[in-house]
Structures are given as C-alpha cells and as structure tokens.
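Written below as structure tokens is the structure these notes are about.
Just the heavy atoms: all of them, side chains too, but no hydrogens, waters or symmetry mates, feed the values below.
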Amino acid sequence: MKRWALLKPGWQKLILYLLVLGATVLLAIAIQWFIVREFSGQLADIQDEQLRYEVQDLSSRISEHYAAWQAELNELASSLGRNILNQGTRQYTEGFKRKSGAFYVLDEQYRVIAGRDNREMKSAVQQIKLLQNGCAVSSFVTEDHQPAQYIVCRIQGAQTGGFMVRTIDSGMLSGIIKSKPINPHETLFYNDQFKVVASLNTSDINRTDITGVTRRLLEGNTGVVEDQGVKHGIGFSRVGEEALYISVEDVDQDAAQRISSFRKKVRLVMALLLLILWAMLVQFRKQIVKDTLVNNQVRDQRRDEDMRQQQDTYYLPLMQTIEQRLQELQEQTARLTGGDDLKLLGFYHDLANRFEAASSQGKGASHEELEYFRELNENFIQGRLKQESSLGGLLTGVRTLRNELEEKMHDNSGISFTDMNVVLSESLKWANRSMNMKEIQVILRQEPVPSIAAQAPMLYKTIQGLLENAVKAMGQVDELSEVQERGRTGLRSKRQTQVLKVSSRLEEGEIVITIEDTGGGIDDKMRWSYFQPEYSQNSQEHTFSLYHMDAYLKTISGRLKLRNTDKGLQAIVRLRR
C-alpha cells in the first residue's frame, strides 16, 4: 500500500484502467467461448440428425426398390418365365431387358435357357441353396468390371423346375441416390468386400475403400462417425441374406461458414459491450472528479469564445469584400445604360459639317460654334468607348467567374456546361461515320437553347443511343419491304428513302429534344419491357440502352418518352434549363 501511495496519480489511474480493461476482456473472451461452443454443439447435433435421417431414408428406399424389383421378377417368372421354361429351347441369346436390369431364365442345372451366357450370374445363383418365399438375393460379383447382384425367383407351374433371374447393377443402385429430392452430401453404397457398388460419380464404382469408416460400417455399426475431421453417417439395409452398406459423407462447408459467421457476430457484440462498459467507466470517472470536469468546461467555453472571435476576425471582412464587389458590379451595370444617348453619337459631328457647308454659302454658324459641336461629339465618342471598355471588363470578369465555376464543377464531378445543339450535331456526325445512312434523309432543326450543367459523355451516349435505335429500326423496315416486293414481282425492289427528323426547341423551363424516325414504331404491349435492364442486347460501348438512358436522365431531372406516329417512333427528351 505504501508503494501504491508513492505512485503518481496519473500512474495510479493508468494502472486501474488497465486492470479493469484486462478483467473485462478476459470475461468477454470467456463468454464468447461459451456461446460459440454451445452454438457449435447445437449445430453439430443438427448435422448428426440430418445424417442419421438421410441414412435411414436411403435404407428405406433400398428396401422399397428391392421389394418392387422382386415383385416384378416374380410376376414375370409366373408368365414369361414359365412359357420359356416349358419350351425348353435356347432363346434371347443376345439377352433381354425390361425397364431396368437384364433378365435370365435357368433350368434346374443352372443352364441359361433365355438370355446371354453369363458365368458370373450362374456362379452367383448356384450359391443360393434355399429360396425363401420362392425368391432370394445373391451376393455381389464382378460382371464386365462392374459390381452386380442377382435376384433369383423359382418358376412355379412349369413342366420342369427352373429359375427366373434379374440383374441389379450399379446404375440401378445409383438411381436410388439420384432419386433423393435434396443431395447435399456424398453418398456411397458398399458391399461386404469394401467395394463401392453405387455412387453419383461413376469413377468411384468398384473402388475398394478400407478405412476406419468402412471398417466400422461393415462391422454393423450405425450412427455418425468422424474421420479426419469429416463426419460420416453410416448404416445398412438388409436385403434377404445379404446387406447393402450406406455411407453418407458431409462435404458441405456451410456449417463451418455458419460457425465462423456466428463467431464474428459474437466478437462484434462483445466489442460493442466493451465499448459501452468503457464509456460507463469513463462516465463514472467523470462523476468522481467533478472539479476536473468543471475546469474542462470552463476551458472549453473559453476555447469556443476564441474560435468565435477568430471567425469574426476572418469571416466578416470576407463578407464585406464580397458585398463591396457586388455593389461595384451593380454600379458599373447601372452606368452601362446605352439607350437614347447612343442616338447622339455622331449627331453633333454631322451637324457641324452641315453648318460648315452652310457658312461656305455665306450663312450658318461661326468657326467657334463648329469647333464646339465637334468637341461635343468627340466627348460623346470617348464616353461611349469608356462605356464599351467597362462593358468588356465586366464581360471578361463574368467569363472568368464562369470558367472558374465550370472548372471546379468539372474537377469535382465531371460536370460541365454543355450545348445540346452541339451534342445533336456531333452525334449525327458520329451516326454517319458508324452506321449506314445512305438511304436516310436527315432533317435537322435547331433553335437557340441555353447550355445545361451535365456530364457531356453521358448526354452523348443518350442521344447516340436514340439515333442508333432509329437507324436500326428504319433498316429493318427497308429489309422487310424489299423481301415483300421480291415476292410479288420477282425483281429486286428499290429501297424507299427513310426520314430522320432531329430537332431542339426551348419551352418554358425546359429544353425539348425530339428524334423521329419512319421505322414502324414499337409494340405498345412491349413498351414496359424496353425499359428493363435485361432486355437490351447492346454492348453499350458507345451508346446507352433505353433502360440506362431513362436512368441517367432521371438523375438530372430529365425525362424520356416514346410515342408512336403514323410511320414510326418519336423519342422526346425533356431537360430542365
């Protein structure tokens, strides 16, 4: 305690803050670990339950399919098999099939009466000594380098004894896996020799897997096992005296991603809690040291007063300067009145010439009066020149201000003052270079319109896109009319000249751009689809689609409308001045 008392107050506060912060962090880490562990455990239980359910579902499906295959084979044995056995002659030497699997008819000596010769089938059938309920299932053999199994049913009611046999191949077993509505896991079927007999991946079939999972599987274990960090659901389905073993591997990484995402969210919550606790600690500290808080408030007030004084020192002179400049500009503008004074320009000079001509004839004004009129006229001329000089200076200042404003606008957002008449002219030049417009008559009508503040490249793409649509529409109409004319006359038709009208005009508060073609118009039922983002097929390297045109024009308070005319389509673009 003595050593603690000897420490400076600043060190004491720092040590206390560090101790409280360390304890809070340790508590947050412990809480986070507990929450994430509980969440991981629940998620693992859900995964295990899904694997168990999938194994049980596959086992039930296997039993159902084998029962259906056996019932179909028994029915076939009582009809077709009995007839073949009664005839006793070799039939279907190339083999015969139904919907799935190959079928055979054997006599009591296991000789093939119907179907192709198959030694593996005969050796497998000979192993069946007792047919329960008239049918049995053999173990797996290798047929044509693929695993195969046989269902054998005794043929009843024939003149001699015999058997009806059906092949169960890997394709039929893999179909059971494919029939699952949802397959997020890798599913394998094994025989009792650790060989894969069914899989969605054909390269896995007939592969021998001797692992910890398959060992526990063939020992008859069921449930969920984990091998090298991967969970497997294992089980089997009893098929007569044989068994088909099922392994479902959880290859989905969604669980790990969910745990990682949950851990991040918990960390974020813990960080927010730490910030709140730290803020509460700071607030508690402020309540303890009231004197320090009062001093800080007084200091802050003084600092605010200093800042306001500095604002008055720099801000007010700036406003006064701006006001003075505006007053000077207003006075200069008031002096540049022009009006009736311009009528006197040169009037006195002409009057002096007339008086001089009259005095030469012996009548008129004296020499001093003539010089007075000429001096008066010279004063008017000099005054007018000063007026024009002031006007020129004013115009130069306005242009400079506008250039600076435009430069700042362009630097910040790419916006500049754009003349729409120039945009129309340049876009038509682009259309002549980029598209075939030989048979198109272009009518351009332009009225003087003010410039607008916008991004020039976007306006060019919009107008060029409308021109491109119009030219393509008129080209399609030309091709259609030419084909129809060939069908009627058998001769090459002459293309009809199409008309493209482009105009600009100024209305109250708006600039209206109109592009009208004779391309036949658009389908009103499809009008909504034209403005969808996925409808356009344009590459949009140089132009916009209708969707992007409409989207851009809305950003600058503009509008785009399409209206069918008698011969084509009229695109109207309205821009705010």
Side-chain angles (χ1 to χ4, degrees), residues 54-85 91-92 94-106 110 112-116 118 120-144 146-158 162-181 187-193 195-200 202 205-206 235-246:
E54 192 165 349
V55 171
Q56 293 175 0
D57 182 64
L58 287 171
S59 178
S60 301
R61 288 174 180 271
I62 291 172
S63 301
E64 292 174 358
H65 279 78
Y66 270 87
W69 292 337
Q70 182 174 325
E72 184 181 4
L73 181 63
N74 200 2
E75 180 182 357
L76 192 62
S78 62
S79 57
L80 179 63
R82 185 178 59 182
N83 295 334
I84 293 175
L85 193 61
Q91 299 183 36
Y92 305 106
E94 298 298 328
F96 69 96
K97 294 185 177 182
R98 301 275 287 191
K99 293 182 180 179
S100 59
F103 292 84
Y104 303 87
V105 177
L106 281 68
Y110 305 106
V112 179
I113 301 300
R116 63 183 180 85
N118 190 331
E120 290 79 2
M121 180 268 300
K122 288 189 288 185
S123 62
V125 173
Q126 289 175 359
Q127 297 174 3
I128 303 176
K129 304 301 182 182
L130 179 63
L131 300 182
Q132 297 179 357
N133 298 325
C135 294
V137 181
S138 71
S139 58
F140 278 93
V141 297
T142 302
E143 178 183 329
D144 297 333
Q146 294 290 329
Q149 196 177 23
Y150 301 96
I151 301 179
V152 183
C153 288
R154 188 178 297 277
I155 299 176
Q156 305 292 340
F163 307 93
M164 191 77 180
V165 184
R166 178 179 192 159
T167 304
I168 306 298
D169 55 22
S170 59
M172 298 169 63
L173 297 176
S174 300
I176 300 176
I177 303 175
K178 295 178 182 179
S179 64
K180 292 191 304 179
T187 304
L188 299 175
F189 292 169
Y190 291 92
N191 65 359
D192 56 359
Q193 300 296 322
K195 286 188 176 182
V196 180
V197 297
S199 173
L200 292 179
T202 56
I205 297 176
N206 212 29
F236 62 90
S237 178
R238 182 67 63 182
V239 182
E241 297 297 326
E242 301 295 327
L244 196 61
Y245 300 92
I246 306 168

(message) Between F163 and Y110, does the ring pair (Phe, Tyr, Trp, His ring centres under 6.0 Å) criterion hold? Intermediate values first, please.
(response) CA-CA 8 Å; F163 307 93; Y110 305 106; 5.5 Å; yes
(request) Give the C-alpha distance, both sets of side-chain angles, the deciding distance and a yes or no for side-chain contact (heavy atoms from CB on, under 4.5 Å) between Y190 and V196. (result) CA-CA 5 Å; Y190 291 92; V196 180; 3.5 Å; yes
(request) Taking S60 for its side chain and Q56 for its backbone only, find out whether a donor-acceptor pair lies under 3.5 Å. (result) yes
(request) With rounding to the nearest 0.5 Å, note down the distance linking OG in S174 to CZ in F189. (result) 8.0 Å
(request) Output the distance between atom CD (E72) and atom SG (C153), rounded to the nearest 0.5 Å. (result) 11.0 Å
(request) Would you indicate whether the side-chain heavy atoms of N118 and V112 approach each other to under 4.5 Å? (result) no
(request) Using side chain to side chain contact (heavy atoms under 4.5 Å, CB included) as the criterion, point out the one residue from K122, R116, M164, R166 that pairs with Y104. (result) R116
(message) I'd like to check E120 versus T142 (side-chain heavy atoms, cut-off strictly below 4.5 Å). Are they in contact?
(response) no
(request) Check whether any side-chain heavy atom of N191 sits under 4.5 Å from a side-chain heavy atom of S139, and report yes or no. (result) no
(message) Looking at every non-hydrogen atom in both residues, tell me the closest pair between A114 and I84 and how far apart they are.
(response) CB-CG2, 3.7 Å
(request) Hey, could you give me the CZ/OH distance between F140 and Y150, rounded to the nearest 0.5 Å? (result) 11.0 Å
(message) Whether the Y66 and Q149 side chains hold a donor-acceptor pair (N or O, under 3.5 Å, no angle test) is what I'd like checked.
(response) yes
(message) Does any part of the side chain of I168, heavy atoms only, come nearer than 4.5 Å to the side chain of V239, both counted from C-beta?
(response) no
(request) Rounded to the nearest 0.5 Å, what's the gap from CD on E143 to CG on N206? Could you check? (result) 11.5 Å
(message) By the definition side chain to side chain contact (heavy atoms under 4.5 Å, CB included), identify the one residue from L76, V165, T167 that meets it with F103.
(response) L76
(request) Could you tell me whether Q146 atom CD has more than 12 heavy atoms of other residues or ligands within 6.0 Å of it? (result) yes
(message) Less than 4.5 Å apart, side chain to side chain, heavy atoms only: is that true for P147 and I205?
(response) yes
(request) Kindly compute the distance separating CZ (R82) from CG (L85), expressed to the nearest 0.5 Å. (result) 10.5 Å
(request) Taking the side chain as every heavy atom from C-beta outward, state whether L200 and T187 have any atom pair closer than 4.5 Å. (result) no
(request) Search all heavy atoms of S59 against all heavy atoms of S237 and return the closest pair with its distance. (result) O-OG, 3.4 Å
(request) Take L73 and C135, measure what side-chain contact (heavy atoms from CB on, under 4.5 Å) needs, and give me the verdict at the end. (result) CA-CA 9 Å; L73 181 63; C135 294; 5.7 Å; no
(message) Once rounded to the nearest 0.5 Å, what's the spacing between atom CD1 of I176 and atom CZ of R61?
(response) 9.0 Å
(request) State, with a plain yes or no, whether a side-chain heavy atom of V105 is found less than 4.5 Å away from one of Q91. (result) no
(message) A side-chain contact here means heavy atoms from C-beta on lying under 4.5 Å apart; do L244 and L173 qualify?
(response) yes
